[in-house]
Amino acid sequence: MGTKKKTKPSRGRKKPRTSADQALALDYVRAWAHPTPPPEPSADAVDGFLPPHAARMACGGGANVLFELHSHSNHSDGFLSPSALVERAHRNGVTVLALTDHDTMAGIPEAMSAAHKCGIRIIPGVEISALHSPREIPGAGEPVHILAYYGMCGPSRFDELDNMLLNIREGRYLRAKNMLAKLNSLKVPIKWEHVTKIAGEGVAPGRLHIARALVEAGYVDNVRQAFNKYLGNDGPAYATGSEPFTETVVQMISRTGGISALAHPWSLKNPDAVIRSLKGAGLHAMEVYRSDGKVDGFSQLAEKYGLLKLGGSDFHGKGTKDETDVGEVKLAITTLCSFLEMARPIWCSAMKDILLKFAEEPSAANLGKTLKFGQLSNPDGFAPIDSGST
């Protein structure tokens with residue numbers, strides 16, 4: 001008679017979350033997303049057929065919390081203004097919106113103003129263009145995008161981050177001109193004025209703007225075809241700009257009080273090598289969830305390197321049928337709870353640094369920097385700082 005083998009518990013398998021865990025996570029996330037307590041149920045609701053718990057639900061206290069962690073406005077390559085993006089997000093039931101334009105945070109103040117009217121929260125963010133090059137050869141390597149999420153006061157040491165972003169944006173102009181030169185050599189001439197008109201005044205042109213110009217000029221049928229035929233990472237018209245190395249970007253995000261997340265890793269040729277390198281530099285998270293629900297091997301990669309699993313729509317407002325709408329990628333409440341538990345201490349520390357700098361030199365100029373991404377909720381006086389509002 002053979003002896004039965006004892007099965008060892010799987011190390012990689014986590015215990016399922018209980019309903020109690022989920023309830024606590026929901027309370028934690030809701031308290032942050034809605035700092036102002038929901039209104040008490042009316043006497044009619046309580047005295048009527050609704051029990052107190054259901055009455056609170058009807059008054060907004062039990063609504064689900066929907067985060068959108070990846071979106072773009074016309075301050076980079078999106079089609080909607082920050083205000084229009086916020087309004088669309090609000091209509092779609094989004095509670096917390098991260099505006100993550102490419103290499104700029106210029107749209108954040110407008111988004112925050114619009115969000116204040118709608119009653120939703122904005123996470124100041126940015127999607128930073130970078131190059132992964134193991135040998136750190138300038139201009140060589142694989143394009144990688146890294147998302148940065150900040151607290152309500154934005155980045156500490158903002159000037160350092162802004163200088164990096166400015167350098168990237170300036171490189172985008174040269175990159176776009178190089179792409180047009182390559183297209184011209186392929187007998188696909190596109191005028192520079194056409195691209196800059198699509199991009200808009202003061203917006204550094206990107207591949208999506210060139211793709212739209214190709215569509216309007218009749219060389220391709222749609223944006224997807226423009227990328228597949230000419231502008232993709234391996235396309236004949238692709239060019240790099242002045243993107244910093246990925247490790248430098250992750251370290252900058254950490255130094256300025258942000259949470260870093262690898263964007264759309266499924267577009268990488270060798271995601272494992274990139275993720276391993278970025279984890280060593282201090283990467284916090286990576287996108288795993290998409291609108292189609294597919295995580296393929298990326299969920300396992302996140303677990304392998306101990307990274308938080310996130311996701312977002314990457315909404316641009318193109319208006320095409322195949323585009324994922326803002327708020328369509330719904331993250332589990334336990335995921336949102338883990339995100340905030342990681343982010344809030346970092347954001348609080350950044351806010352402390354920002355306020356200490358202002359205290360050292362309390363000038364009107366420094367006050368403007370302190371309030372760059374928000375406004376005083378109590379302009380007639382100073383209210384106690386609550387870590388729950390970061």
key: Heavy-atom check, side chain of Ile108 versus side chain of Val126, under 4.5 Å   = no
message = With clusters defined by side-chain heavy atoms of hydrophobic residues (ILVMFWY) lying less than 4.5 Å apart, directly or transitively, does Ile128 cluster with Ile259?
response = yes
query = Between atom CZ of Arg30 and atom SG of Cys337, what is the distance when rounded to the nearest 0.5 Å?
reply = 12.5 Å
request  = Grab the two heavy atoms, one from Leu69 and one from Gly311, that are nearest each other, plus how far apart they are.
outcome  = CB-O, 3.8 Å
Backbone N/O of Asp21 and side chain of Thr334: donor-acceptor pair under 3.5 Å = no
query = Looking at Ala213 and His194, what are the two nearest heavy atoms and their distance?
reply = O-CE1, 3.7 Å
query = Do we see a donor-acceptor contact under 3.5 Å between the side chains of His75 and Thr104?
reply = no
key: Residues forming a ring-ring contact (aromatic ring centres under 6.0 Å, His included) with Tyr149, sequence neighbours excluded   = Phe339
remark   = By salt bridge (Lys or Arg N to Asp or Glu O under 4.0 Å), Arg207 pairs with (sequence neighbours left out) none
key: His284 and Ser254: CA distance, side-chain angles, deciding distance, side chain to side chain contact (heavy atoms under 4.5 Å, CB included) verdict   = CA-CA 9 Å; His284 297 104; Ser254 295; 4.0 Å; yes
ask   = Taking atom CD1 of Ile333 and atom CG of Asp27, what is their separation to the nearest 0.5 Å?
value = 9.0 Å
key: Expected output: side-chain Arg121 to main-chain Trp32 donor-acceptor under 3.5 Å   = yes
ask   = Is Val86 close to Ile120 at the side-chain level, that is, under 4.5 Å between some pair of heavy atoms?
value = yes
task = Please check if any side-chain donor atom of Thr335 sits under 3.5 Å from a side-chain acceptor atom of Lys309, or the reverse.
result = no
ask   = Between Val65 and Leu26, which heavy-atom pair has the shortest distance, and what is it?
value = CG2-CD1, 4.2 Å
remark   = Shortest non-hydrogen pair, Gly141 vs Leu131, comes out as O-CD2, 3.8 Å
inquiry  = So Leu99 and Ser73, do their side chains get closer than 4.5 Å, heavy atoms only?
reply    = yes
inquiry  = Let's go through Phe315 and Val329 carefully: what are the C-alpha distance in whole Å and the side-chain angles of both, what is the deciding distance for side chain to side chain contact (heavy atoms under 4.5 Å, CB included) to 0.1 Å, and is it a yes or a no?
reply    = CA-CA 10 Å; Phe315 180 75; Val329 177; over 6 Å; no
inquiry  = Closer than 3.5 angstrom, by distance alone: can the side chain of Glu243 be matched with the main-chain N or O of Gly241 as a donor-acceptor pair?
reply    = yes
remark   = Here the gap from Ser363 atom OG to Leu367 atom CG, rounded to the nearest 0.5 Å, amounts to 8.0 Å
ask   = Within the distance-only criterion (no hydrogens, no angle test), does the side chain of Thr100 pair as donor or acceptor with the backbone N or O of Gly125 below 3.5 angstrom?
value = no
task = Measure the SG-CZ distance between Cys118 and Arg88 for me, rounded to the nearest 0.5 Å.
result = 14.0 Å
ask   = Pairs in or reaching into residues 150-160: which pass side-chain hydrogen bond (donor to acceptor under 3.5 Å, both in side chains), with residues at least two apart or in two chains?
value = Tyr150-Thr256, Glu160-Arg255
message = Does any part of the side chain of Asn92, heavy atoms only, come nearer than 4.5 Å to the side chain of Leu66, both counted from C-beta?
response = no
query = Residues sharing Tyr219's hydrophobic cluster, by side-chain heavy-atom contacts under 4.5 Å among ILVMFWY, directly or via others?
reply = Phe79, Tyr173, Met179, Leu180, Leu183, Leu186, Val188, Ile190, Trp192, Val195, Leu208, Ile210, Leu214, Val215, Val220, Val223, Phe227, Tyr230, Leu231, Tyr238
remark   = Sorted by chain and number, sequence neighbours left out, side chain to side chain donor-acceptor pair (under 3.5 Å) with His70 holds for His72, Glu127, Glu287, Asp314
key: All side chain to side chain donor-acceptor pair (under 3.5 Å) counterparts of Asn74, not counting sequence neighbours   = none
query = Is Leu308 reachable from Val288 through a run of hydrophobic residues whose side-chain heavy atoms are each under 4.5 Å from the next?
reply = yes
task = Check whether Val203 and Leu85 end up in the same hydrophobic cluster, where Ile, Leu, Val, Met, Phe, Trp and Tyr are linked by side-chain heavy atoms less than 4.5 Å apart.
result = no
ask   = What pairs with Arg224 under salt bridge (Lys or Arg N to Asp or Glu O under 4.0 Å), at least two apart in sequence or on another chain?
value = Asp322
key: Whether Asp325 side chain and Glu328 backbone form a donor-acceptor pair below 3.5 Å   = no
task = Return the minimal non-hydrogen interatomic distance between Cys153 and Met351, and the atom names on each side.
result = SG-CE, 3.9 Å
task = Check side chain to side chain donor-acceptor pair (under 3.5 Å) between Thr95 and all other residues, then give those that pass, not counting sequence neighbours.
result = none
query = Distance from Ile146 atom CD1 to Thr246 atom OG1, nearest 0.5 Å?
reply = 5.5 Å
query = Passes side chain to side chain contact (heavy atoms under 4.5 Å, CB included), Ser260 versus Met252? Steps please.
reply = CA-CA 9 Å; Ser260 57; Met252 173 65 77; over 6 Å; no
task = Determine yes or no for a side-chain-to-main-chain donor-acceptor pair under 3.5 angstrom, with Glu68 supplying the side chain and Leu97 the backbone.
result = no
Residue pair Asp77 / His209, side-chain heavy-atom distance below 4.5 Å = yes
message = Using side-chain heavy atoms (C-beta onward) and a distance below 4.5 Å, is Leu166 in contact with Ile168?
response = no
task = Please list, chain by chain and in numerical order, all residues satisfying side chain to side chain donor-acceptor pair (under 3.5 Å) with Thr196, sequence neighbours excluded.
result = none
message = Under the criterion side chain to side chain contact (heavy atoms under 4.5 Å, CB included), I'd like the reasoning laid out for Trp347 against Met342: C-alpha separation, chi angles, the key distance, then a yes or no.
response = CA-CA 9 Å; Trp347 292 345; Met342 174 185 289; over 6 Å; no
key: Side-chain donor-acceptor pair present, Thr324, Ser291, cut-off under 3.5 Å   = yes
inquiry  = Nearest 0.5 Å, please: how far is CG in Leu307 from OG in Ser299?
reply    = 11.0 Å
inquiry  = Contact between Phe298 and Leu262 at the side-chain level, heavy atoms closer than 4.5 Å - yes or no?
reply    = no
ask   = What are the two closest heavy atoms between Val94 and Gly327, and how far apart are they?
value = CG2-CA, 3.7 Å
ask   = Are Ile346 and Leu147 linked, directly or through other ILVMFWY residues, by side chains that come within less than 4.5 angstrom of each other?
value = yes
Val96 and Leu336, any side-chain heavy atoms less than 4.5 Å apart = no
query = Tell me, which pairs form a salt bridge (charged side-chain N to carboxylate O under 4.0 Å, His left out) where one or both residues lie in residues 176-196, sequence neighbours left out?
reply = none
query = Can Ile354 be reached from Phe358 by stepping across I, L, V, M, F, W or Y side chains whose heavy atoms are under 4.5 Å apart?
reply = no
ask   = Which residues satisfy the ring-ring contact (aromatic ring centres under 6.0 Å, His included) test with His264, sequence neighbours excluded?
value = His145
For residues 268-277, please give each side-chain donor-acceptor pair under 3.5 Å, one per line with the distance, not counting sequence neighbours.
from	atom 1	to	atom 2	distance (Å)
Lys269	NZ	Asp234	OD1	3.1
Asp272	OD1	Arg276	NH1	2.9
Asp272	OD1	Tyr305	OH	2.5
Asp272	OD2	Lys304	NZ	2.9
Ser277	OG	Glu247	OE2	2.3

